[in-house]
Protein chains: 2
Amino acid sequence: MSQPATVADVAAVAGVSRQTVSNALNRPEVVRPDTLDRVRSAIETLGYRPHASARRLRTRQSSTLGVRLEPVHGISGAVLDRFLHALVEHADARGMRILLFTARDVDDELTHIERLVEGSDVDGFVLTSTFHGDPRPGWLADRDVPFVLFGRPWGQSAERAEVLPWVDVDGRAGLRAATAHLLEAGYRRIGFLGWPSPSGQGDERRHGWQDALAAAGLPDQVQLVCEDDVSAATEVVTRAVADGAAVDAVVCASDTLALGARFALGPDVPVVGYDDTPVAEALGISSVEQPLGDAAAAALDLLMGTGRSVLPAPTGHRLLEPTVVWRP
Amino acid sequence: MSQPATVADVAAVAGVSRQTVSNALNRPEVVRPDTLDRVRSAIETLGYRPHASARRLRTRQSSTLGVRLEPVHGISGAVLDRFLHALVEHADARGMRILLFTARDVDDELTHIERLVEGSDVDGFVLTSTFHGDPRPGWLADRDVPFVLFGRPWGQSAERAEVLPWVDVDGRAGLRAATAHLLEAGYRRIGFLGWPSPSGQGDERRHGWQDALAAAGLPDQVQLVCEDDVSAATEVVTRAVADGAAVDAVVCASDTLALGARFALGPDVPVVGYDDTPVAEALGISSVEQPLGDAAAAALDLLMGTGRSVLPAPTGHRLLEPTVVWRP
DNA sequence: TTGAAAGCGTTACCAA
DNA sequence: TTGGTAACGCTTTCAA
C-alpha cells in the first residue's frame, strides 16, 4: 500500500462510478444491495479509507471539537482529565475528534479559539472551568460559533443564561446528600469548609450543606473559609478548633480542603471531600464523585442533538446528580 | 464575515493572482517587498486565514500528531497530563496540532492508529507508556509511520532499539541522586521500595539506588517489592519493619509507594517518591521530578528535526536528567 | 439507481 | 517575480 486508495480506485475495482462509491458510503439506503456489496468488498480488498481532509474541505465540516487543555491544578487536576477522557470516547463514537489547545489565560484562549474557527479547524468548542465574568460564552455566541459549557454560566444575565447550552454537576445536591447522610449517622455538629464567595461552585456546595442542616432543624453550624490549599486548610481548621469551634464532622468544597481538615482533625472525625480524587481514595477520605462520563455524553448531546454534526446554535442544559463515595 | 475569505478574495483586493498570495504566505522571500506589503494588508483587512483542510488536502500533510489519552492511573495520572500539556504547547509553536484518541488496550490502540493513518488524519504519533513486549514500535516502523516514544523501547532487540526514536527521563540517575543525597545527610540504612521485575522504569530506578549504595560501600540494604498501591505498600513496609528490617530512610519507585511507606514509617523517616505528584507536594514528601517540558520538546525535535513537518523516519534518542525536590 | 460534471480552497508546476 | 493551469480526494447537484 504505497499510495492510499481513493474513491476512484474503489470505483474501478467495483466497476461503478465514483459517486456510487460515495453514496454507498454516506447514503447506503439509496444504493442497490448487490451494488453495495460489490463496493463494500472493493473497499475491503483495497483497504480504502476516506481522506479526512478532502471530505472536510468538501463538506465544510471539520468533525472536530476544540478543547483547552488546562494547566494541572493540584490535586483536582484529574477531574478535567477524566472528563476529557470520557469526552474523547463519546466523541469518537459520534464520529467527532478532539483537538487540543493550551492558553495562558482567557484572552489568550480567545485568540486561540479565533484562530481555530477562522482556519475551519473545528466545528465547535467544549468550554470547561466556567467562572464569574467569563467572557467566552458571549464572545462565541456573538460570532455564532457553536459551543457547550461544562459548568454553569455563572453570573450571566438570566435571559442569556437561559439560552446558553451548559452541562453541570449539582454540587448542592451532592453536599446536601453528604450532610444528610452524616445526620442520619447521628452526627449533629457538622461544619463546612469552603472557598471565599463569590464562587459559583463553592457557593452551591455551601448551600447544599445549609439545605440539609435547615431540613434537620440544625442551622448555625461552624462555617470556615480558605483558599484551595492543603496547609492553609489545615491551619484554618486547627485554629478554629483551638478557638472553641465545635464540630464532630466536616464537609468540604474540595478534596484539597478535606485533606487539610483530615490533618487538623485526625482520622476519627469524618470528613467529606469533593471530586473523589486519587488522593481521597488513597487516604480513605469520603468524597462526592462527579458523573464525568455522563457529563461528557450530555455535553455532546447538547452540542450535536441526535445527529452526527454540530448544531448551528446549541441550547438547553443538563444538571447531573453526583454520588457520595463513603469510606470507613 | 458571513463567508470566510479565500486566497481568491485576497488576490482580488491586492490586485495579484492567487498564486502570489500563496507565495506571500509560504515563501515570502520569493515575493517582491511591495507586493508582499499589498498582499499582507489585504489579508489584514479581509481577516483571511488559510483553510486548514484545503491546505492539508493539497500538501498531503495533516500537521497533526496523534496521542493516546490514557485512562487516569491513580496518583501519577498527572504526569502524562503534564507531558501532554507541554506537548500541545510546543507543538503549537511548531505549527502542529495534537489529536487525541483513547483505546481500551494496545490492540485497540493499534486499530485506532491504523484508522488515523489511513484517513490521513495524522502525520505521526507520540507514544507514551512503553513497556516490555510493546508491539507498537514494530507495527509503526513496518508501515513507515513516523513516531517517537516517550519511554525507552524496553525489551526490543539491541539493533532495533538503536534506531528507534525515543525520549526518556533517567530514573536511574534520579534515584542515584536521591540516595546519594540521603547518604550525605548521614543516613546509612536506606531501603528501596519498588515494583516487581521485569519493569523497565522500575528496574532502572532500583539500579540507581544500588549505584549510590555501592559507591558508598554500603550494599545489601533492605529491598521491598509490591504493586503500585498505597495500602499494599503500607502493608509491605509495616510487615518488613515488624520482621526486623532496619531502615532509617526509604527511596521508592513512585509517589504511590512513597505514600504507603510514609504511612508505615511516620513522618520522622525520610521517604523519597517519584514523579513529584500533587499528593507528594500536599503531604510534604520529597520526590524525583521529571522534566516533562523538556521531554516534550525533545520528542518534537526527534520527530521533526528543525523543520515544521514530521521527518519520514525519525531516529535517535534523548535521555533527560530528573531533579529531586526535597521537602522538610 | 447510476453516472457525468462541477467545485470546495489550497499549492505545485511551468511558462511568461 | 508573477500568473495560468492543474491537481489533491471528496461530495453534491443534476441528467440519464
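Letters go in sequence order (proteins before strands), and every chain restarts at 1. The figures here come from the full heavy-atom set of this structure, side chains too, leaving out hydrogens, waters and symmetry mates.
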Ranking C:dT2, C:dG9, C:dT11 by distance to the side chain of B:T59, first place goes to C:dT11
At 4.0 Å (heavy atoms only), tell me whether B:T35 reaches a base, stays on the sugar-phosphate, or touches nothing.
sugar-phosphate
If each end axis of the helix from C:dT1-D:dA16 to C:dA16-D:dT1 is fitted on five C1' pair positions, the angle between them, to 10 degrees, is 30°
Of A:L25, A:V16, A:V7, the one forming a side-chain contact (heavy atoms from CB on, under 4.5 Å) with A:V39 is A:V16
Separation of C:dT1 atom P from A:D34 atom CG, nearest Å, is 11 Å
| request: Answer with base, sugar-phosphate or nothing: what part of the nucleic acid does B:R56 contact at a heavy-atom distance below 4.0 Å? | output: nothing
In whole angstroms, the gap separating C1' of D:dC8 from CG of A:D9 amounts to 13 Å
Next on the checklist: Just N and O in the side chain of A:T6: are any of them under 4.0 Å from OP1 or OP2 of D:dG9?
Outcome noted: no
Notebook entry, point to check: So, B:D92 and A:R115, do they make that salt bridge, N to O below 4.0 Å?
Noted result: yes
*Do B:R55 and A:D121 meet the salt-bridge criterion of a basic N to acidic O distance under 4.0 Å?*
no
Notebook entry, point to check: Do B:R60 and B:D123 meet the salt-bridge criterion of a basic N to acidic O distance under 4.0 Å?
Noted result: no
Given the options B:T102, B:D108, B:D107, B:R104 meets side-chain contact (heavy atoms from CB on, under 4.5 Å) only with B:D108
Does any N or O donor sit under 3.5 Å from an N or O acceptor when you compare the side chain of A:R58 with the base of C:dG7? yes
Rounded to whole Å, CG of A:L25 lies from C1' of C:dT1 at a distance of 17 Å
From CZ of B:R18 across to P of D:dG4 the rounded distance in Å is 9 Å
C:dT11 phosphate, OP1 or OP2: any side-chain N/O from B:N26 under 4.0 angstrom? yes
| Would one find a side-chain N or O of A:R32 under 4.0 angstrom from OP1 or OP2 of C:dT1? | no
Rounded to whole Å, the CD-C1' distance (B:Q61 to C:dA12) equals 13 Å
In whole angstroms, the gap separating C1' of D:dA7 from NE2 of A:H51 amounts to 13 Å
A:Q19 has its side chain closest, among C:dT11, C:dC8, C:dA4, to C:dA4
d(A:F147 CZ, A:R136 CZ) to nearest 0.5 Å is 9.5 Å
With sugar-phosphate meaning primed atoms plus P, OP1 and OP2, does B:R27 contact a base, only sugar-phosphate, or nothing at under 4.0 Å between heavy atoms?
nothing
Rounded to whole Å, CG of A:L57 lies from P of D:dA7 at a distance of 17 Å
Hey, does the side chain of A:R55 come within less than 4.0 Å of D:dT11's phosphate (OP1/OP2), counting only N and O? yes
Result for 5'-nearest mapping on DNA chain D, choosing between B:V16 and B:R60, is B:V16
Self-check item: Note, A:F125 side chain near A:L116 side chain (heavy atom, < 4.5 Å)
Solution: yes
Taken to the nearest whole Å, CZ/B:R49 to C1'/C:dG9 is 16 Å
Winner on side-chain proximity to A:Y48, out of D:dC10, C:dT10, D:dC8, is D:dC10
Taking NZ, NE, NH1 and NH2 as the nitrogens, is one of them in A:D301 or A:R318 under 4.0 Å from a carboxylate oxygen of the other? yes
Taking only side-chain nitrogens and oxygens of B:T20, does any of them come within less than 4.0 Å of OP1 or OP2 of D:dG3? yes
